[in-house]
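Data first, discussion second: the structure below is written as structure tokens.
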Amino acid sequence: MAKIEFTLNGEVRQVDIDPTIRLLDYLREDLDLTGTKEGCGEGECGACSVLFDAEVANSCLVPMGNVAGHDIVTIEYFSRTERYRILEKAFLEQGAVQCGFCTPGMIIAAESLLRKKPKPSDAEIKIGLSGNLCRCTGYNMIIAAIRQAAKEGEGLW
Amino acid sequence: MVNHLLPETLEEALEALARKQHLLFAGGTDLMVQKRAWAGLPRNFEHPVLFTSRIAKLNFIEKRSDHLAVGATCSLEMMLEYPDTPDLFKTIIGEMASPGIRNHATLAGNIANASPAGDTLVGLYLYDATIVLKSLRGERLVPIADFITGVRKIDLAQDEMITEIRIPHQDFTHIDYVKVGPRKADAISKIAFAGAAKTNDLTVSDIRAAFGAVFKTVLRSPATEAMLKGMRIADIKADLASICEAYARLLQPIDDQRSNKEYRKAVAINLLARFIKSL
């Protein structure tokens, strides 16, 4: 066990936990924050994406030991922001959500991308989403949604 | 109870390593998959884990007079964004994993993992990178080709850790890199090839080729490279068939879930030929 202090969704937390436990398990099992999904469990699908110091990370590959001292934001907390509302509207209008399993991860990846590149090209959007799999949409609608969000949310990122 | 460690200084880490065997853990993007367990359970590592992520001193990337120094906890994404990272490494890292993984994965981890398909390794072999190892006993500088001794085998003593990687500045006039994988992102190579050369007008003063995933380690042939150095470009091109044959004799690819021997060898040699023709 180890004492780990970090920030989760805006609150400082101290936990005494086995540091090899995955951040994903801590979020889902200990805190019931089930917006973060487990898809492949090996970093290939991005369903477990969270913001780690404001940048996308696969929470299935991050052990609690590496969370110490950092700032984690999950989809539950991000969904309270204005940027989320812009992304949500764009995803709805472009038909970028079908089964919805990949969507929290896609939104997190989109946020991480737009923070770095507020006006991304299509090629940059594809790179930004390259770690996130969607088996329903064929991606075109997700790319269109991010393009729309970048335009409608200009100045927010 | 297993005592995992999260040291904040290098000294603390080296003292712990001198006392007892630990598993050195940086980004963990490979280790977490290798030791996969059921959801909710700790990973089953065979030794106590020493997390390096809190050692601030190792989180750097710095251009020095004759090399680029990459600290052991510098993430691949940080390396990708650093202006003085050589283009070859930007290309390799850009095609590696995904942004979420690159934000945590490290160059040191890719080296210590010592997979024959390790993406950054072809670049490090091509550039003759040096690994800096530290222990309480002192410091060792080991060329990458000596540090990796086999499939998942490295020349690292129990009390040592990688603290930095040095990539010498090179002034190649030609650089080539091709990764053959099943998917653009998040793919493990079936074959990787990196070639570099320095030419002036008609002759080649330096030429190097590194192959990934077709031998137990990344493969270069110092003998063949030495033979080609100083030759006229036209003569090298005329000699293409025999150069390809020399390399074909050295490659020892395997059959696995990702590809097979015949395909690996044929594509690797085709990539070499393509590089030579481009000179």
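Sequence lines set the chain letters: A, B, ... in the order given, protein chains first and strands last, and positions in each chain run from 1. Note that the coordinates shown come from a computational prediction; the quantities given were computed from them, not determined experimentally.
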Please determine whether salt bridge (Lys or Arg N to Asp or Glu O under 4.0 Å) holds for the pair Glu164(B) and Arg166(B), giving the CA-CA distance in whole Å, both sets of side-chain angles, and the decisive distance to 0.1 Å.
CA-CA 7 Å; Glu164(B) 102 188 25; Arg166(B) 292 181 184 165; 2.7 Å; yes

Structural part of Val50(A) lying under 4.5 Å from a heavy atom of chain B
neither

Scored by heavy-atom pairs under 4.5 Å with chain B, the best of Pro63(A), Gly128(A), Ala57(A) is Pro63(A)

Check this for me: does any side-chain nitrogen of one of Asp159(B) and Arg19(B) sit under 4.0 Å from a carboxylate oxygen of the other?
no

So which part of Leu5(B) gets closer than 4.5 Å to some heavy atom of chain A, the side chain, the backbone, both or neither?
neither

What part of Ser49(A) gets within 4.5 angstrom of chain B, counting heavy atoms only: side chain, backbone, both, or neither?
neither

Of the backbone (N, CA, C, O) and the side chain (C-beta and beyond), which part of Phe52(A) lies under 4.5 Å from a heavy atom of chain B, both, or neither?
side chain

Any chance you could lay out the side-chain hydrogen bond (donor to acceptor under 3.5 Å, both in side chains) test for Thr74(A) and Glu76(A), step after step, and finish with the verdict?
CA-CA 5 Å; Thr74(A) 67; Glu76(A) 287 85 354; 2.7 Å; yes

Region of Arg43(B) that comes under 4.5 Å of a non-hydrogen atom in chain A:
both

Cys48(A) versus chain B, the contacting section by heavy-atom distance below 4.5 Å
neither

Is it the side chain or the backbone of Asp18(A) that comes within 4.5 Å of chain B heavy atoms, both, or neither?
side chain

Report which part of Ala26(B) has an atom under 4.5 Å of a heavy atom belonging to chain A: side chain, backbone, both, or neither.
backbone

The single option from Ile72(A), Leu33(A), Leu27(A) passing side chain to side chain contact (heavy atoms under 4.5 Å, CB included) against Asn9(A)
Leu33(A)

Structural part of Leu6(B) lying under 4.5 Å from a heavy atom of chain A:
side chain

Name the option with the most non-hydrogen atom pairs under 4.5 Å to chain B; the candidates are Leu129(A), Asp25(A), Ile4(A).
Asp25(A)

Step-by-step side chain to side chain contact (heavy atoms under 4.5 Å, CB included) determination, Tyr127(B) to Ile144(B)
CA-CA 10 Å; Tyr127(B) 268 69; Ile144(B) 179 83; over 6 Å; no

Examine the side chains of Asn113(B) and Gln34(B) and answer whether a donor and an acceptor come within less than 3.5 Å of each other.
yes

Looking at Lys116(A), Met64(A), Arg28(A), which has the largest count of heavy-atom pairs under 4.5 Å with chain B?
Lys116(A)

Glu93(A) with Lys89(A): basic N within carboxylate O range, under 4.0 Å:
yes

So, are Glu124(A) and Lys119(A) salt-bridged, with charged N and O less than 4.0 Å apart?
no

Basic-acidic side-chain contact under 4.0 Å: Glu5(A), Arg13(A):
no

To the closest 0.5 Å, what do you measure between CD1 (Ile21(A)) and CG (Leu23(A))?
11.0 Å

If we define contacts as heavy-atom pairs under 4.5 Å, which of Ser112(A), Gly46(A), Ala2(A), Gly43(A) has the most with chain B?
Gly43(A)

Most heavy-atom pairs under 4.5 Å with chain B, out of Ala68(A), Gly69(A), Cys60(A), belong to Ala68(A)

Can you tell me which portion of Glu81(B) sits under 4.5 Å from chain A's heavy atoms? Options are side chain, backbone, both or neither.
side chain

Taking the side chain from Asp119(B) and the backbone from Ser189(B), do they hold a donor-acceptor pair closer than 3.5 Å?
no

Measure distances from Leu24(A) to the heavy atoms of chain B and classify the residue's part below 4.5 Å as side chain, backbone, both or neither.
neither

Region of Glu38(A) in contact with chain B, defined by heavy-atom distances below 4.5 Å
side chain

